Amino acid sequence: MALMKILVAFIILWPLAGFLLNGLGRNYWSKKVIAYKATGYIVASFIASIFAFLYVQDHGAVTVHYFDFIHTASLTIPFDFKVDALSSLFLLVITGVGSLIHLYSKAYMQEESSPHYARYFAYLNLFIFSMLLLVLGDNYIIMFMGWEGVGLCSYLLIGYWFSNGSYNYAAKKAFIMNRIGDLGFLLAIFWLIAKLGTVSYNEVLTAESLAKLSNADITGITLLLFVGAMGKSAQIPLFTWLPDAMAGPTPVSALIHAATMVTAGIYMITRSNILFSHSEITQNIVAIIGISTALLAATIAIKQNDIKKVLAYSTVSQLGYMFLGLGVGAYSGAVFHVITHAFFKALLFLGAGSVIHALHHEQDIRKMGGLKSKLPITHITFLIGCIAIAGVPPFSGFFSKDEILAAAFEKNKIYWVLGLVGAAMTAFYMFRLYATTFLGKFRGSNEQEAHLHESPLAMTLPLIILAILSAVGGAIGIPEIMGGHHWLASQLSTIVSTPHEASLTVSTEWILMGVSVAIVATSLLIALSKYSKQTDEEPSSAIGKFFYHKWYIDELYQKAIIEPLNEFSLFLKEFIEKKVIDGAVNGTGKLVQFSARKVRLIQNGQAGYYILFMVVGIITLFLIWFNDIYILRFIHTLTQK
Amino acid sequence: MLILFLLIPILTAIVLLFIKKNTLASPTAITASLATLALAVFASFNKVEAFDMAWLPSLNSRFTLEADGLAKILILLTSISLPAIFIATAKNQYKQKNIFLSLLLFTQAGLMGVFLAGDALLFYFFWELALIPVYFLCSIWGGEKRIVITFKFFIYTFLGSLFMLIGILFLNAHTAEHSFSMQAFIHANLTDGQKITAFALFFIAFAIKMPIFPLHTWQPDTYEQSPTAVTMVMSAVMVKMGLYGILRWLLPLFPAAFAAHTHVVVFLSVVGILYASFIAIRQDDIKRLIAYSSIAHIGLMNAAIFTTTGIGIQGALIQLFSHGINVLGLWIIADILEQQTGTRSMQQMGGLAKKQPTLAILLVGFALANIAMPLTNAFVGEFLMFNGLFILNPWIAAFAGISVVLAAIYTLNMVQKVAYGEISEKINNMPAPNKAAQTVLIILLIIVFVTGVYPQPLFTLTADTLQQLLAK
Amino acid sequence: MNTLEILFNTLSAFAIISAIMVLISKNPIHSVLWLILVFFAISGHYILLNAQFLAIVNIIVYAGAIMVLFLFVIMLMNVKKDKEPQKQLLVKLIGVIAGGSFLTLLLALVKQNTSFQGRDVLLKEGSIGLIHPLGQALFTDYVVPFELSSVLFLSAMVGAVIIGKK
Amino acid sequence: MNAIIVSTLLGVIMMFCSWGIKNQKTQQTIALVGLFVLILSNLAQLNGWFVIHFDTKGMLAFTRFGLFVNTLFFAITFIYIWLNGEEIAKFDNQAADFYALFFFILCGASILTSFDNLLMLFIGIEILSIPLYILTGADKKNLFSNEAALKYFLMGSFSTGILLLGITFMYGATGSFHLVTPMLKPSTGLPSEQIILSAGLLLVFAAMNFKVSAAPFHFWTPDVYDGAPTVFTSFMATIVKAAGFIAFITIFNSQAKALGHTWELVLSFVIVSTLLVGNIVAVFQRSVKRMLAYSSIAQAGFMLFALYGKSSFASEGIILYVIVYSLATIGVFGVLIKMKENSFEAFNGLAKTRPLLAFVTTIFLFSLAGIPLTGGFFAKYYMLNALYAAGAGLWLIIIAILFAAVSVFYYFKLVQAMYFVSGEPTINEVPKKYTYALLLIAILLLILGVFPSIVFNYLYF
Amino acid sequence: MPIEYYIFLCLTLFSIGVIGVLTRRNAIIVFMCIELMLNAVNLLLVAFSKMNYGAALAMSPNTSAGIDAQLFVFFIMVVAAAEVSIGLAIIVMIYRNTHSIDINFLNRLKN
């Protein structure tokens with residue numbers, strides 16, 4: 001236990017230390033030192049995570065308590081961490097992929113001047129730190145801390161090149177959309193506290209506390225949690241920030257906007273799956289949103305020409321798949337896909353990064369092509385990535401995606417069909433990307449061609465490792481029918497309430513696999529044949545334009561939400577504030593002035609009038625006194641105390 | 001012990017009136033304020049006995065000072081703010097700086113008195129004493145429209161406090177042996193109708209002081225026009241007088257009337273929160289932006305207190321302190337920017353991160369605190385307060401929650417306009433960074449994060465007050 | 001209708017008419033003279049009420065001293081009748097209305113008042129109006145105000161000196 | 001009694017000084033010494049020692065309260081003459097005459113604090129007023145002064161007529177001039193046998209309102225205060241008005257409650273209209289002197305609260321108010337005298353050139369506005385308390401408070417001129433001694449602002 | 001002779017005085033009207049005194065009731081004399097400076 005306490009502190013604090021040291025010493029250390037320090041810390045906590053993982057393997061889940069974050073009469077929120085199968089898995093992924101990407105960044109960010117270089121790594125470390133908080137926290141508050149922390153880091157990293165206005169805008173967009181989600185999350189937490197008075201997992205996620213919650217409560221809470229997930233994991237309607245987030249450096253896209261942060265939503269829902277599986281409505285909503293996001297993003301991805309944009313949309317659509325999995329109750333499947341996706345999507349981004357690096361920040365695939373020979377390693381690894389994501393057996397993507405589809409099939413045939421369509425499109429756009437980038441002949445400018453070169457080892461090494469992982473990563477979840485025993489599912493059986501056991505008959509499952517494989521294969525062949533020679537020009541068909549312009553969703557938001565809000569606040573500022581409220585205040589002052597100007601005219605300086613007024617005054621007094629004018633008496637009785 | 005909190009500032013202030021040399025004046029002020037800070041720190045971790053002596057036999061009012069958790073936390077805030085302000089603005093050139101400083105110290109004395117007074121008349125006394133020096137500070141050293149604006153501010157708040165005076169008179173008339181002490185007021189025999197009247201009379205004063213929508217219009221103008229050092233005092237500490245008044249007097253005296261008005265006031269405050277946030281989005285003047293965001297935060301605190309839920313009030317108690325620190329930091333930064341760039345318009349700033357990275361980082365840090373990022377002190381308070389709102393009514397909480405997003409919008413706008421983007425020539429002309437101010441900011445930022453990660457000391461400090469309030 | 005009533009009525013009528021004449025006569029000197037007549041009428045009333053001392057004092061002080069003083073001043077600044085521009089009619093009207101309503105108001109009150117009903121004024125009997133009892137009272141009970149009225153004269157004198165001297 | 005006798009004698013002495021002694025300084029010194037003697041004699045009577053013992057035959061009744069107030073009057077006059085000696089001398093090489101008038105006024109004032117008979121009230125008021133007519137017109141060559149004097153005189157004697165009619169009615173109803181307390185039998189309505197008495201009281205009320213310049217009988221005040229020489233205005237606005245109030249209270253405290261609630265109505269009407277006229281019109285004035293005239297009307301509105309009903313607050317309050325208000329007013333006028341002109345602009349930038357003078361002026365103005373830490377606050381507070389204790393509705397208090405807030409408008413206009421507006425003040429040179437005298441007054445006000453009780457300790461023991 | 005008669009008479013005179021004050025512009029005339037008011041009051045006082053005296057006489061043969069009123073009248077006359085001296089002095093002073101005693105021209109002080 002004490003060991004665990006130290007170990008967890010170790011895992012958490014290394015990245016934090018990295019952040020602080022690099023942040024404060026940014027002007028003093030050389031790039032080399034900075035890079036090695038940063039990477040070293042993450043590696044260290046990766047090793048620590050391995051130990052933690054092993055410890056959990058034989059001793060089961062542990063909760064370590066440090067201090068009480070909030071301790072009042074009515075509410076106590078401990079600062080606890082929980083290491084169990086789920087979180088330890090995520091630990092491995094985060095720190096593992098994280099360290100690879102740090103390594104990669106060392107070379108990729110070489111051109112930056114050293115303070116900014118340090119800033120970059122500091123942010124990355126901070127990100128890892130927050131991510132660890134998120135997965136390790138033993139209650140929703142600590143998860144929320146990490147949750148907002150990663151949002152902040154993505155904000156900082158997207159706006160890393162801060163002198164560029166549009167990048168800042170993208171960063172702000174990302175943060176604010178996340179904030180909208182966070183609001184949902186926060187409200188869910190309040191709801192829990194209001195009903196249960198606690199937010200610790202091992203108190204919330206239990207039978208008796210479930211008993212305390214009415215169905216309405218559960219649905220409400222889960223929906224709000226899902227809103228949070230939407231923001232973080234870029235689901236409809238809050239997904240538009242993710243493609244823009246590609247403004248950040250490519251490794252960042254790889255780490256944050258593909259491998260780790262965006263999957264936080266899946267983690268959160270899996271963590272609280274007990275709640276979700278008690279609300280049919282929420283599950284359906286999750287599934288529907290998931291699948292529709294998957295399709296929407298896929299359609300857009302088909303028409304994009306920016307290499308990173310394509311990958312971004314593919315990420316969105318893959319996330320959609322995961323939510324579909326969650327929606328149909330295939331939690332372990334979702335997690336499985338998270339892990340495999342982390343591998344191959346990180347791989348793809350890094351590959352893209354290496355391409356961009358080679359082409360001096362050229363991102364338009366129409367200006368690429370024929371890089372196969374120039375960048376061999378990148379090419380191979382990228383290809384593996386594509387295959388993996390397309391879901392060709394025996395690569396990792398196949399297994400995870402298949403598991404989700406199977407679950408979908410058994411839940412509702414329509415999900416399955418749509419899922420297949422999505423899978424087909426995935427294969428199509430991925431291979432469109434691959435073909436236009438690597439096959440054919442080079443379409444870029446000459447001096448670009450002159451300088452084409454394979455990336456340094458620091459960049460290729462992570463590629464290779466990730467390639468291997470995405471190739472064989474499926475091994476952790478080979479379903480029974482293939483003679484595997486689905487190690488992952490058994491791992492998660494402690495956390496996931498209803499581990500998805502294959503209730504389908506063996507035959508059906510084989511059939512499903514066959515179908516999907518067939519469809520995927522055909523569509524990728526079409527893509528290859530279509531794009532290996534030529535690229536596609538500006539879309540002409542209406543539908544093509546529609547996809548190319550991302551369904552005009554950004555424009556829609558601009559018109560429907562942002563501008564009205566701006567107008568509204570301008571109206572408040574200029575009219576309500578200045579004219580109405582302040583006008584009233586100043587009006588009283590003016591009234592006094594005005595009446596002063598009028599009343600003083602009585603004082604007209606003529607003694608005769610004065611005496612006249614006096615006589616009138618006396619008469620008035622008499623009238624008040626003797627006839628006791630009724631209004632005055634009324635006032636009096638009114639205010640008689 | 002407690003009397004020192006009044007004596008040190010007042011005596012120093014009087015001494016300062018005769019120190020003409022600036023080089024001598026501001027060190028004097030700084031040392032005095034640091035002395036009070038030391039006292040305050042000591043007081044907040046030890047038990048201090050009340051100070052009591054006869055004052056007005058014919059009115060049966062006593063000179064009573066007593067410090068419970070609520071008082072202590074605000075005393076602490078005050079005595080942190082003053083030295084911070086003095087040091088941060090030490091470079092600023094004011095004509096007759098010694099007068100300036102001494103007036104600030106008088107204000108401090110007034111604030112201390114307000115937070116410590118255990119006797120209603122005394123409370124009112126210090127309430128005004130805190131107001132009058134500020135009036136002079138703003139009107140003499142303020143911006144070009146200062147006279148009109150400050151006068152409006154003065155009349156506005158003075159009128160409010162007059163209503164409170166009537167309330168005090170009213171209660172005092174209904175107490176046995178015409179006493180002004182808290183206890184006597186609590187046991188004053190009033191009909192429910194009279195209770196509500198008195199409640200209203202007190203509430204107007206506090207509402208104007210805080211200020212809550214729609215009585216807030218004096219604030220942005222005043223903050224904009226007055227010298228930033230004064231703005232800091234007003235925004236970091238003075239607005240807390242209103243909340244303090246509500247916690248110390250309103251809630252204990254009229255629990256019933258309080259509960260009766262919960263929904264009205266909470267609704268008003270929430271409307272105010274959103275209103276202020278929306279307006280803040282469109283501000284280009286950095287001081288006005290901070291002013292409006294401050295209005296929003298204060299509104300939230302007020303709403304939380306009026307939920308009369310333990311958790312909400314606890315949150316407000318914490319936030320009293322946290323908001324003070326955060327907004328102080330923001331003001332100091334705003335002041336540095338104004339002093340060094342000579343403008344307050346954020347359009348003309350930009351690229352600060354290139355020119356003065358440290359300042360930019362500090363700005364981001366306080367911006368995060370301003371939007372209640374977790375692990376900053378503001379998160380703890382706002383989390384608890386929203387929680388209280390939610391317990392009162394989920395829909396109101398959700399409604400108010402929108403401000404979380406809005407806050408992100410305007411704060412990030414500010415950060416983007418000031419720190420990021422291409423470097424503007426106004427920023428480019430900035431002289432060397434103001435080390436003293438930056439040190440202060442760093443210290444404040446450390447406070448922000450320490451209390452954000454480990455807020456327990458604040459909880460323990462305010463525990464007793466919370467108990468008393470909940471006992472009602 | 002005995003002699004007293006006749007006297008009362010004639011004196012009253014005389015007083016009121018000449019009072020009105022004071023108002024309406026253009027020439028200040030005429031008004032002064034009319035006023036003197038009013039005073040005589042009032043003195044007549046005093047005699048009727050057997051307040052001989054006051055009657056005499058009234059004649060001497062008012063009709064004699066004060067009014068002569070007035071006359072003297074008017075002569076001094078020889079204000080002709082046309083010297084005084086008239087107030088415009090409306091103002092006069094308002095004045096009359098105000099005064100009239102003042103009168104009616106008071107009269108109404110007196111009418112309502114019950115405590116005076118049937119109270120009579122003792123005419124021509126009674127010795128209190130004679131010099132002897134008055135003097136007695138003045139120098140015993142009323143010595144304080146008597147002495148103090150000297151202060152009044154002193155201050156009046158000083159004042160006259162201050163204003164009078166160039 | 002002592003006060004009355006001694007002040008008369010002193011008046012006579014001063015009269016002869018004006019022939020005997022030509023040196024202004026000496027005259028002032030004599031006057032000051034005389035005042036000192038006056039104070040002593042009054043204190044002597046407070047401790048039961050009389051110059052001459054004789055029965056006033058129920059004309060005068062000396063109460064501790066009245067004698068205490070006398071002391072205040074004399075003390076304030078002392079400060080006043082000490083401060084304004086030179087100024088008074090400026091009018092006339094015969095300042096002694098004015099001193100004589102002051103003493104006669106004081107005599108009248110001390111009659112008004114102790115009268116027990118309507119005859120004495122009448123004589124007292126006359127002794128008080130007649131010298132004032134002179135003082136108002138003292139600046140013989142100045143048309144404003146003349147005009148003010150005539151207006152004051154005509155309206156004053158008109159109000160005397162009203163007063164006499166009132167007294168006559170009261171006599172007719174009760175058959176005596178003594179202040180039998182209460183003359184009326186307590187009743188809510190108006191029993192028909194008391195109508196004439198009430199009418200008489202009301203007429204007296206009106207006349208007294210004139211003396212204390214309460215609306216709607218205030219019309220003379222602005223013109224007279226404005227026209228009269230500033231130095232005398234400050235005397236008029238303080239001692240004289242205060243004396244009027246004391247008389248007013250002595251008559252009506254005995255009667256008020258018996259008059260039933262309609263009385264409260266009448267009083268509320270007068271109070272509200274006084275506050276309204278005083279405060280509102282003052283806002284728009286351009287001449288400081290005239291502004292102060294209106295503000296004195298407003299202050300009268302506050303002092304009227306003491307009439308609302310008898311209570312310890314009322315008696316203590318009126319005393320405190322008299323002290324504070326007189327000191328502050330004398331102070332402000334003291335500064336104003338030194339100004340070349342009366343406009344607000346004249347004060348621009350006074351804080352730069354003469355910080356101390358500006359400071360004391362600020363204290364006086366704060367005190368008039370009733371800002372805490374100056375005596376004015378407690379004065380107003382006591383009055384409000386008295387009002388509430390006497391059972392007035394809260395609405396009246398709230399109105400009063402609102403007008404108090406309005407008063408800040410015009411008092412602070414002067415503060416702004418002095419501190420925030422830059423400019424060159426048009427001011428005659430001010431001797432150091434003079435400034436310190438003002439500072440002394442300011443300090444007194446501050447002390448009263450923190451420990452008002454010190455005044456009352458003397459009142460009862 | 002009923003007291004009401006006297007009251008009516010005196011009030012009438014008094015009101016005539018008031019009207020005179022309100023309607024005339026010549027300072028002296030105004031002042032005279034005020035004197036008229038005072039006289040009306042005097043007469044009323046004497047009437048009251050005799051009324052009370054009559055009432056008291058019924059009780060005791062040698063009462064001095066009502067004497068106070070007559071003395072009051074005496075004092076009123078005294079005061080009036082003093083007032084007149086001052087008033088005329090002021091009027092003369094004004095006449096010296098502005099060759100007019102029209103109270104309506106005296107409105108330099110206003111507002």
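What you see is a predicted model, and the numbers here were worked out from it, not measured in a lab. In what follows, chains are A, B, ... by sequence order, proteins preceding strands, each numbered from 1.
- If you measure heavy-atom distances from A:Tyr155 to chain B, the contacts under 4.5 Å come from the side chain alone.
- Residue contact with chain B, scored on non-hydrogen atoms closer than 4.5 Å, is absent for A:Tyr167.
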Decide side chain to side chain contact (heavy atoms under 4.5 Å, CB included) for A:Asn139 and A:Phe69; before the verdict, give the C-alpha distance in whole Å, the side-chain angles of both, and the deciding distance to 0.1 Å.
CA-CA 11 Å; A:Asn139 56 46; A:Phe69 175 58; over 6 Å; no

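- Options A:Met145, A:Lys172, A:His116, A:Arg119 differ in how many heavy-atom pairs under 4.5 Å they form with chain B, and the most are formed by A:Lys172.
- Chain A forms the most heavy-atom pairs under 4.5 Å with one residue out of B:Gly310, B:Ala353, B:Pro394, and that residue is B:Ala353.
- Per-residue heavy-atom pair counts under 4.5 Å with chain B were compared for A:Ile180, A:Leu187, A:Val580, and the maximum is reached by A:Leu187.
- Only the side chain of B:Asp221 comes within less than 4.5 Å of a heavy atom of chain A; its backbone N, CA, C and O stay farther away.
- Heavy-atom distances place no part of B:Ile423 under 4.5 Å from chain A, backbone and side chain included.
- Side-chain atoms of A:Tyr557 come within 3.5 Å of backbone N or O of A:Pro237 as a donor-acceptor pair.
- Interface remark: of the candidates B:Val453, B:Ile391, B:Leu215, B:Val453 forms the most heavy-atom pairs closer than 4.5 Å to chain A.
- Residue contact with chain B, scored on non-hydrogen atoms closer than 4.5 Å, involves the side chain of A:Asn586 exclusively.
- Of the atoms belonging to A:Phe67, it is side-chain heavy atoms, and not backbone ones, that fall under 4.5 Å from chain B.
- The candidate from A:Ile77, A:Ile70, A:Ile176, A:Leu565 with the greatest count of non-hydrogen atom pairs under 4.5 Å with chain B is A:Ile70.
- Considering only heavy-atom pairs separated by less than 4.5 Å from chain A, the leading option among B:Ile371, B:Leu389, B:Val415 is B:Ile371.
- Contacts of B:Leu368 with chain A are made by side-chain atoms alone, with heavy-atom separations under 4.5 Å and no backbone atom involved.
- The parts of A:Leu570 that come within reach of chain B are both its backbone and its side chain, each placing non-hydrogen atoms under 4.5 angstrom from that chain.
- Across B:Val404 and A:Arg179, no two heavy atoms sit closer than the pair O-NH1, 3.3 Å.
- Neither the backbone nor the side chain of A:Trp147 comes within less than 4.5 Å of any heavy atom in chain B.
- Formation of a donor-acceptor pair under 3.5 Å by the A:Trp161 side chain with backbone atoms of A:Ala247 is not found in this model.
- In this structure, the portion of A:Leu133 lying under 4.5 Å from any heavy atom of chain B is its side chain and not its backbone.
- Of all the listed residues (B:Ile318, B:Thr460, B:Leu466, B:Ile409), the one sharing the greatest number of non-hydrogen pairs under 4.5 Å with chain A is B:Ile409.
- Of the atoms belonging to B:Gln314, it is side-chain heavy atoms, and not backbone ones, that fall under 4.5 Å from chain A.
- Panel note: side chain B:Lys355, backbone B:Asn428; a donor-acceptor pair is recorded below 3.5 Å.
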Applying side chain to side chain contact (heavy atoms under 4.5 Å, CB included) to A:Asp68 and A:Phe79, what does each step give before you reach the verdict?
CA-CA 5 Å; A:Asp68 277 351; A:Phe79 206 93; over 6 Å; no

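- Of the atoms belonging to A:Ile576, heavy atoms from both backbone and side chain fall under 4.5 Å from chain B.
- The choice from A:Arg26, A:Glu148, A:Glu577 that makes the most heavy-atom pairs within less than 4.5 Å of chain B is A:Glu577.
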Mind running side chain to side chain contact (heavy atoms under 4.5 Å, CB included) on A:Tyr120 and A:Leu157 for me, showing each step along the way?
CA-CA 7 Å; A:Tyr120 173 82; A:Leu157 282 165; 4.1 Å; yes

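- For the pair B:Gln219 (side chain) and B:His216 (backbone), a donor-acceptor distance under 3.5 Å is absent.
- Using a 4.5 Å cut-off between heavy atoms, B:Phe386 touches chain A through backbone and side chain atoms alike.
- Classified by interplanar angle (parallel below 30°, tilted 30° to 60°, perpendicular above 60°), the ring pair B:Trp218/B:Phe153 is tilted.
- Side chain of B:Asp464 to backbone of B:Gly69: a donor-acceptor contact under 3.5 angstrom is found.
- For chain B, the nearby part of A:Ile193 is the side chain; its heavy atoms alone come within less than 4.5 Å.
- Donor-acceptor pairing under 3.5 Å is recorded for the side chains of A:Asp80 and A:His65.
- In terms of heavy-atom pairs under 4.5 Å with chain A, the best-connected choice from B:Thr191, B:Thr217, B:Val405, B:Ile281 is B:Thr217.
- Distance alone, capped at 3.5 Å, is enough to place a donor-acceptor pair between the A:Thr72 side chain and the A:Leu75 backbone.
- For a residue to count as touching a neighbouring chain, one of its non-hydrogen atoms must lie under 4.5 Å from one of that chain's; by this rule A:Leu183 touches chain B with the side chain only.
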Apply ring-ring contact (aromatic ring centres under 6.0 Å, His included) to residues A:Phe190 and B:Phe383 and explain how you reach the verdict.
CA-CA 9 Å; A:Phe190 295 147; B:Phe383 170 74; 5.5 Å; yes

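- Judged purely by atom type and a 3.5 angstrom limit, B:Gln456 uses its side chain to pair as donor or acceptor with the backbone of A:His71.
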